[in-house]
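Computation of the quantities below employed the complete heavy-atom set of this structure, encompassing side-chain atoms and omitting hydrogens, waters and symmetry-equivalent molecules. This structure is a prediction, so every number in the text was calculated from the model and none was measured. Counting begins at 1 with the first residue of the sequence.
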Amino acid sequence: MEKETENIEQEMASLEEEGGLVPALATEMPNEKVGQTSPKNGGGWVTAPFILGSSLASTIASCGVTINLLQFLVRRFNISNIRASQITNIINSVTCLSPVAGAVLCDSYLGCFLTISVFTFISFLGTLMLALAASLPSMAPPSCNHQLGSCQPPTRTQFAFLCLAFSVTTLGTAGTSFTYVTMGSNQFDRKEEQERFASYYFLTTTVSTLVPSLVTVYVMDNVGWNWGYGLCAVLSALCLALFVPAKWCCRDTRPEGSPFINLARVVVCATRKTKLRLSVKEEDYYHGSGKHSELTSSFSFLNKASLITVGDTHLDGSIAKRWRLCTVQEVEDLKTLIRLFPLWSTGIYLNTAIAVQINLTILQSLAMDRSLGSSFKIPAASFKVFSYISMAISLPLMDRFLYPFSRSLLRRPFTLLHKIGMGHVLAIIGLAAMAWVERRRIQVMHQRGLAFPGDHLDAVVPISALWLVLPLVIFGVGSAFYVPNLVNLYYQEFPASLKNLGASVSLLSLGIGYYLSTTVVHALQNATPWLTDDINRGRVDNVYWMLAGLGGLNFLYYILCARLYELHCSD
């Protein structure tokens, strides 16, 4: 018996030396691992036209739905200005929050291709419903002269159909907003090609954001709401037609399961081992078979989740009880998210203030002279384009000139935290500039005797709406500092299993900000006379000054959170 055992051991040793053992074991492994790209699908640049073209059409359609939403609610459905502003913020909030759920669903169950295909079809149904609401007379109240008031509001059925249409449309954006960039990156193996595709993607996103601000808004204001939303429906159908044929050449990834389960396991395991004492020996903690990482001293309570106790592992070193032991890497992943949370929370107020400002800017422009020349009038919703253009111009100028100059002048580069902080500062300056413009508009209104226009609501004050351009440019430059560097921070610091969620999580504070802005507007309506349905009888400048002041306090909170984050990272 001993001789037979020795013969078996000699044969295994010879196989290891000849490389025969590894191939023999490899044949027993599945060909395609979870989360790996399928070898039968090619990927590469042949897939880029399908993905980028579909992304372009999808973004134009989704932005076109909301770009002129406030005026659509006021003019087509006879909803009051302030209520329409609140509804707009709620819809924008859901639009920003839904991609987080879409990203989790994509990574956990569907995969990129199926997620984009299904949710693009849902988006098409939503835009088609909006086109019907804008076209059929029975779907909206009769038109009226809004300056004279006494307009008939929508019926319950009409308003319910409108809400259903927007619900379906926002549901469609959940699976498409940030899934395109993930799927595009999966088509390439080299990091340089992935970065190149990302550059093309963000360029496409910028262009597709500008088009609705110029074209779709013009069609809605000058041709008709039915043509505007009909165009969005056509683009949604085009998006699906461009993407589905890409199945033959695109790589797709198999879902890996929800990464949040591992984070929950860390909390459960640490709670179960509360009474245990931490060890100073590195070998007492479970590292697993992957890349080893070191435990940090911050949030040391969580370190107990990776502390090995009797019965936690099998003889081969694998985990015996998944909800009693975690790897060191899983513990550190949760710590990273905890460190990032205070920084993330600083964006909630900033986005709340910006959400209030966006809709108030539209109301301001409607009460100002929007003429450009003798025959052209700038659509109120198109004023957003000045922020987009300034952001698009600022980004390359910063990368090629500002950041290198600061590096040579200050002998140290701007960190991501510095750049995000500059975004906060410029947003505060933009709010103050908006307050100054509104104060100037009120002065002209009093000088021309339009302070109390009687039965004529929202009388146009003879002051050029181009005064709004400078504050909007400031907001755009601030966004160039804030948005890309925030996404880069999350991409660099997020755990590997959560990187696909990084961009969508950065939008989470934006969605919460849109939602909270409705609460702010409602509170100001009840507590102050600053916000009224007739902007000429309110004091929107006081609203801006209040937002700027609170923004200053939020910036001090950001400095504190940034400092704490740096201290935790240095542990």
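- Rounding to the nearest 0.5 angstrom, the gap separating the CG atom in N485 from the CD1 atom in I420 is 6.0 Å.
- The aromatic rings of Y180 and F243 stand perpendicular to each other, their planes meeting at an angle above 60°, with 30° marking the opposite boundary.
- Using a 4.5 Å heavy-atom cutoff, the side chains of M434 and L468 are in contact.
- The shortest distance between side-chain heavy atoms of K335 and R339 falls below 4.5 Å.
- For S517 and N89, the side-chain atoms include at least one donor-acceptor pair closer than 3.5 Å.
- Of the inter-residue distances, the one linking F383 atom CZ with L466 atom CG reads 6.0 Å to the nearest 0.5 angstrom.
- Not one N or O on the side chain of T66 forms a donor-acceptor pair closer than 3.5 Å with the backbone of L69.
- I362 and K384 get closest at one heavy-atom pair: CD1-CE, 4.1 Å.
- Taking both residues in full, the closest heavy atoms of Y558 and L417 are given as OH-O, 2.5 Å, listed atom of the first, atom of the second, then distance.
- Closest approach of F119 to A174, counting heavy atoms only: CE2-CB, 4.3 Å.
- The line from CG of L238 to OG of S58 is 10.5 Å long, rounded to the nearest 0.5 Å.
- No side-chain heavy atom of F159 sits under 4.5 Å from any side-chain heavy atom of F77.
- Checking side-chain atoms of S54 against main-chain N and O of I51 turns up no donor-acceptor pair under 3.5 Å.
- The backbone N or O of D221 sits nowhere less than 3.5 Å from a side-chain atom of R75 that would complete a donor-acceptor pair.
- Side-chain contact between F341 and L337 is absent, with no heavy atoms from C-beta onward closer than 4.5 Å.
- In terms of modelled atom types and a separation under 3.5 Å, the side chain of Q187 and the main chain of W45 share no donor-acceptor contact.
- Ring orientation note: the planes of F555 and H424 are tilted relative to one another, at an angle of 30° to 60°.
- In this structure, the side chain of S345 engages the main chain of P342 through a donor-acceptor pair within 3.5 Å.
- The number of heavy atoms from other shown groups lying within 6.0 Å of OH (Y515) does not exceed 12.
- A donor-acceptor pair under 3.5 Å links the side-chain atoms of S387 to the main chain of L472, judged by distance alone.
- Here R76 contributes atom CZ and S135 contributes atom OG; the two are 7.5 Å apart, rounded to the nearest 0.5 Å.
- Side-chain atoms of L231 and M220, non-hydrogen and from C-beta on, never get closer than 4.5 Å to each other.
- Ring centers of F386 and F475: at least 6.0 Å apart, outside the cut-off.
- Taken from SG in C239 to CG in L56, the straight-line distance is 9.5 Å, to the nearest 0.5 Å.
- Minimum interatomic distance between Y482 and G347 (heavy atoms only, all atoms of both residues): OH-CA, 3.4 Å.
- Of all heavy-atom pairs spanning T216 and G228, the tightest one is CG2-O, 4.3 Å.
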Working for side chain to side chain contact (heavy atoms under 4.5 Å, CB included), residues M398 and F414
CA-CA 11 Å; M398 290 175 181; F414 284 143; over 6 Å; no
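- In this structure, the side chain of Y229 does not engage the main chain of T127 through any donor-acceptor pair within 3.5 Å.
- Across every non-hydrogen atom of M139 and L132, the tightest pair is CG-O, 3.9 Å.
- A donor-acceptor distance shorter than 3.5 angstrom exists from the side chain of T346 to the backbone of L343, with no hydrogens or angles considered.
- Taking the side chain as every heavy atom from C-beta outward, L516 and Y349 never approach each other to under 4.5 Å.
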Using the side chain to side chain contact (heavy atoms under 4.5 Å, CB included) rule, take L70 and L363 through it: C-alpha gap first, then chi angles, then the decisive distance, then the call.
CA-CA 9 Å; L70 189 146; L363 297 179; 4.0 Å; yes
Begin with the C-alpha distance, continue with both residues' side-chain angles, and end with the deciding distance and a verdict on side chain to side chain contact (heavy atoms under 4.5 Å, CB included) for I91 and I87.
CA-CA 6 Å; I91 293 175; I87 294 174; 4.0 Å; yes
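- Between S390 atom OG and L397 atom CG the span is 11.0 Å, to the nearest 0.5 Å.
- Side-chain atoms of N262 and R265, non-hydrogen and from C-beta on, do get closer than 4.5 Å to each other.
- S85 places no side-chain N or O within 3.5 Å of a backbone atom of N81 that could act as its donor or acceptor partner.
- Using modelled atom types, one side-chain atom of R370 and one backbone atom of I378 make a donor-acceptor pair closer than 3.5 Å.
- Under a cut-off of 6.0 angstrom, the local environment of CH2 in W227 is sparse, with at most 12 non-hydrogen atoms contributed by other residues, nucleotides or ligands.
- For F405, the CZ atom sits in a loose shell: 12 or fewer heavy atoms of surrounding residues, nucleotides or ligands are nearer than 6.0 Å.
- Looking at heavy atoms from C-beta onward, L162 lies in side-chain contact with L130 at the 4.5 angstrom threshold.
- Counting only N and O atoms by type, the side chains of Q357 and T361 include a donor and acceptor under 3.5 Å apart.
- Around CH2 of W467, the count of heavy atoms belonging to other residues, nucleotides or ligands within 6.0 Å does not exceed 12.
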